[in-house]
Protein chains: 2
Amino acid sequence: MKIDPNHLHMLAAIIDAGGLSEGAVVLNKSQPSVSRSVAMLEQRLGSRLFEKGKRPLRPTELCQTLAEQGRIVGHASAAAQTAVELYSRGKAGTARVAGTPIFMDGVISNMMAAFQTAYPDVAIHQSYGYLAELSDQLGVGNIDLAICPVTPNEVPPHLNFRPIMRGRNVIACAPSHPLARKSSVKLEDIAAYPWIAPPAGSPLYTDLKTALESIGITDFRVSFTGGSLASIISVMAGSDALTVLPYSVVFMQRTAKTITALPIKLLHPERELGLLWHLDRPMRPAVLRFLKFLETEFKGLADRIDERGREAIWRR
Amino acid sequence: MKIDPNHLHMLAAIIDAGGLSEGAVVLNKSQPSVSRSVAMLEQRLGSRLFEKGKRPLRPTELCQTLAEQGRIVGHASAAAQTAVELYSRGKAGTARVAGTPIFMDGVISNMMAAFQTAYPDVAIHQSYGYLAELSDQLGVGNIDLAICPVTPNEVPPHLNFRPIMRGRNVIACAPSHPLARKSSVKLEDIAAYPWIAPPAGSPLYTDLKTALESIGITDFRVSFTGGSLASIISVMAGSDALTVLPYSVVFMQRTAKTITALPIKLLHPERELGLLWHLDRPMRPAVLRFLKFLETEFKGLADRIDERGREAIWRR
DNA sequence: AATCTTCATACCGTCAGGTTATATTGATTG
DNA sequence: CAATCAATATAACCTGACGGTATGAAGATT
């Protein structure tokens with residue numbers, strides 16, 4: 001007959017509480033219940049667990065050693081309990097999140113930092129990808145959440161899309177760039193400089209083309225391509241190159257002063273930055289937490305961007 | 001709702017076995033049983049424990065952390081199991097044993113050493129006392145077993161007495177003693193030497209007196225009294241004093257060659273060395289083991305003493 | 001598509017363990 | 001030492017968690 005961990009725990013509770021009745025209170029049970037359980041256990045073990053007929057209840061030697069294990073069981077049980085609670089409140093667990101490189105590096109990474117200080121027990125697994133891949137990964141279940149610009153009518157089936165920010169691109173350059181000081185920039189000015197292009201397959205690359213076409217630039221020289229945000233910033237800092245970036249990315253760099261936007265209006269792309277997740281796959285609490293966190297963060301970001309925009313307008 | 005340690009253990013078993021069916025085998029249960037248990041647990045926790053519709057059964061993150069605790073529970077349970085088995089076979093536990101000082105030091109201690117090498121997990125609590133005290137201690141339940149010379153008709157009530165060795169006293173002295181070389185010793189020889197007396201209250205003290213009276217010595221000089229066996233041996237080694245000791249005690253010192261017995265026959269006391277324990281207090285397995293061990297040891301000892309006796313006789 | 005393996009569901013019986021009420025029994029005290 | 005108190009044991013009853021077998025459903029494999 002195998003021994004029941006619950007019984008071990010019960011013994012520990014009785015001993016630590018100092019009596020059957022007190023132990024029963026600790027265990028949220030009635031006194032007769034634990035009394036009978038002890039009696040049955042004694043019978044099964046074939047030896048006494050508490051000395052018979054001694055009123056300050058005295059545990060047997062065997063009982064003591066069993067209670068020792070019982071305390072271990074109790075700890076494990078309590079640990080499991082708190083683990084479940086943390087988990088179900090989304091305060092522990094893992095969130096696997098992927099997104100387009102520039103956004104992840106330029107915007108989301110900062111939010112993830114904030115999230116991790118708020119929820120240190122939630123592990124984040126980050127990866128990169130564009131819409132097609134992200135959709136696949138969500139479908140297979142390799143990631144929980146994708147962050148990606150999407151045109152509302154091309155949302156893949158079975159995926160839920162929640163927009164969080166209007167797409168808005170700007171022409172970006174280093175603060176040291178000759179054009180950065182000018183209050184107004186003309187097309188002829190721009191034409192002289194080389195361009196940094198995002199990776200060929202990325203949406204930003206098509207954005208770059210359509211944006212430049214929209215302001216009449218059809219022929220442009222690409223001097224650097226394929227790098228992620230850190231490379232792009234470095235290259236811009238050391239050259240006169242220009243590039244097209246989401247304004248939010250530029251905005252997030254405002255304190256670091258590594259990028260500025262030129263005062264030229266580009267055509268908005270149809271796409272909108274948003275969160276994607278699988279519809280019929282229930283979201284884990286930690287992921288939900290992260291999602292909510294991102295939403296409020298983006299709301300704050302949008303507000304700050306608006307403010308700054310108004311300021312900029314007011315200054316002119 | 002509190003979490004059940006059994007469930008934690010079950011999760012660990014399932015994961016470690018690599019499937020519900022395999023886990024069920026490990027747990028000695030049917031597959032549907034564990035399947036249902038898992039389902040109920042999932043419902044109570046409000047989150048999945050195994051990913052739905054994946055055939056190489058994949059545990060959830062939460063399930064993994066719970067299983068971790070489950071393994072701890074499993075270990076504790078197994079430890080308890082072996083503890084119970086060891087205990088009930090008398091291979092672990094405590095035996096509280098008391099007895100008359102000279103016997104304990106001179107005979108029992110050697111046997112306890114042998115016992116502890118055979119049963120290293122049985123702790124022995126030794127104490128000293130004479131019959132009255134021993135009886136009290138047994139009655140109160142402070143000791144499990146007493147080893148003591150008892151005259152068969154003065155066995156205290158409620159106590160069981162099992163004789164293990166005939167009482168037989170001898171006159172003892174150091175091997176370096178002038179009388180030790182003599183093949184026959186006369187009373188006049190003895191009269192010249194001082195005596196080491198056991199503690200005044202001890203049975204051995206009365207033995208000393210009656211023994212000496214039995215051989216006609218009424219007036220004797222006591223040069224040292226009150227010491228336990230180690231002291232007596234030391235004093236004898238450094239002096240010409242004599243004393244009366246149980247032959248078994250002298251016998252046990254044969255290899256150490258610290259004491260010899262003089263070839264003088266003393267009157268046997270009525271008492272018989274034996275084991276005492278409480279009648280209606282069930283004996284713990286470890287105590288029983290120790291009791292059995294003592295019995296066989298004493299049997300062996302008695303045989304060896306007989307042999308030696310025959311040898312000694314043969315030599316003359 | 002067919003088959004195989006494994007998990008889920010249905011249904012039923014049993015017993016550990018929950019409850020309340022009450023008896024027993026060490027311990028305590030005047 | 002009787003009386004009293006407090007704690008444990010017992011009785012009687014009931015519920016539901018969990019055990020089993022039989023069978024359906026669904027991934028995985030060929």
Side-chain angles (χ1 to χ4, degrees), chain A residues 1-45 47-60 63 70 73 77 139-141 280-282, chain B residues 1-11 13-45 47-60 63 67 70 73 77 139-142 278 280-282:
Chain A
M1 170 78 58
K2 201 158 157 19
I3 210 158
D4 188 340
N6 280 311
H7 289 156
L8 299 177
H9 181 220
M10 180 184 65
L11 293 182
I14 292 172
I15 291 181
D16 295 346
L20 282 193
S21 319
E22 296 88 329
V25 172
V26 172
L27 295 166
N28 277 321
K29 301 182 179 174
S30 67
Q31 172 266 319
S33 179
V34 312
S35 174
R36 183 156 44 88
S37 293
V38 168
M40 295 178 83
L41 187 56
E42 281 181 337
Q43 191 169 327
R44 260 189 295 186
L45 295 181
S47 31
R48 294 211 85 66
L49 290 168
F50 296 94
E51 300 199 9
K52 193 186 60 179
K54 284 281 184 296
R55 196 51 81 97
L57 201 65
R58 235 188 354 214
T60 301
C63 186
V73 170
S77 218
V140 177
D280 34 77
R281 206 184 297 277
Chain B
M1 170 78 59
K2 201 158 158 17
I3 210 159
D4 188 340
N6 280 310
H7 289 156
L8 299 177
H9 180 219
M10 179 184 65
L11 294 183
I14 293 172
I15 291 181
D16 294 345
L20 282 194
S21 318
E22 295 89 329
V25 172
V26 172
L27 294 166
N28 276 321
K29 298 181 180 175
S30 68
Q31 171 267 317
S33 180
V34 312
S35 174
R36 184 159 41 85
S37 294
V38 167
M40 295 180 84
L41 187 56
E42 280 181 336
Q43 191 169 327
R44 262 189 294 186
L45 296 181
S47 30
R48 287 207 119 358
L49 290 168
F50 295 94
E51 301 199 9
K52 195 185 59 177
K54 285 282 186 294
R55 197 47 83 96
L57 202 63
R58 240 193 344 221
T60 301
C63 185
V73 169
S77 217
V140 178
N142 282 346
H278 203 281
D280 34 79
R281 206 182 296 280

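Order of the sequence lines fixes the chain letters, A, B, ..., with proteins taken first and strands second; residue numbering starts at 1 for each chain.
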Spacing of Met10(B) atom CE relative to dG19(D) atom P, expressed in whole Å: 9 Å
Nearest-neighbour nucleotide for the Asp4(A) side chain, dG18(C), dG19(D), dG17(C) considered: dG17(C)
Per Ser35(B) side chain, nearest of listed nucleotides dT8(D), dA8(C), dT21(D): dA8(C)
Nucleotide dT8(D), atom C1' - distance to CZ of Phe50(A) in whole Å: 12 Å
Distance test, side-chain N/O of His7(A) to OP1/OP2 of dG17(C), below 4.0 Å: yes
Sugar-phosphate only, base, or nothing, as touched by Pro56(A) at under 4.0 Å among non-hydrogen atoms: sugar-phosphate
side-chain contact (heavy atoms from CB on, under 4.5 Å) assessment of Arg44(B) paired with His7(B): CA-CA 12 Å; Arg44(B) 262 189 294 186; His7(B) 289 156; 3.0 Å; yes
Distance, rounded to the nearest Å, where Arg44(A) contributes CZ and dC15(C) contributes C1': 11 Å
Earlier contact from the 5' end, DNA chain D, for Pro32(B) and Met40(B): Met40(B)
Rounded interatomic separation in angstrom, taking NZ from Lys2(A) and P from dG19(D): 13 Å
Base dA8(C) to side chain Gln31(B), donor-acceptor N/O within 3.5 Å cut-off: yes
N or O in side chain of Ser30(A) less than 4.0 angstrom from dT19(C) OP1/OP2: yes
Sugar-phosphate, base or nothing in reach of Ser21(B), heavy atoms under 4.0 Å: sugar-phosphate
Candidates dC18(D), dT8(D), dG17(C) - which lies nearest the side chain of Leu57(A): dT8(D)
Listed nucleotide nearest any side-chain atom of Leu20(B), set dG19(D), dG18(C), dA8(C): dA8(C)
Ser77(B) side chain to Ile3(A) backbone, donor-acceptor under 3.5 Å: yes
Selected nucleotide, minimal atom distance to Arg36(B) side chain, candidates dG20(D), dT20(C), dT8(D): dG20(D)
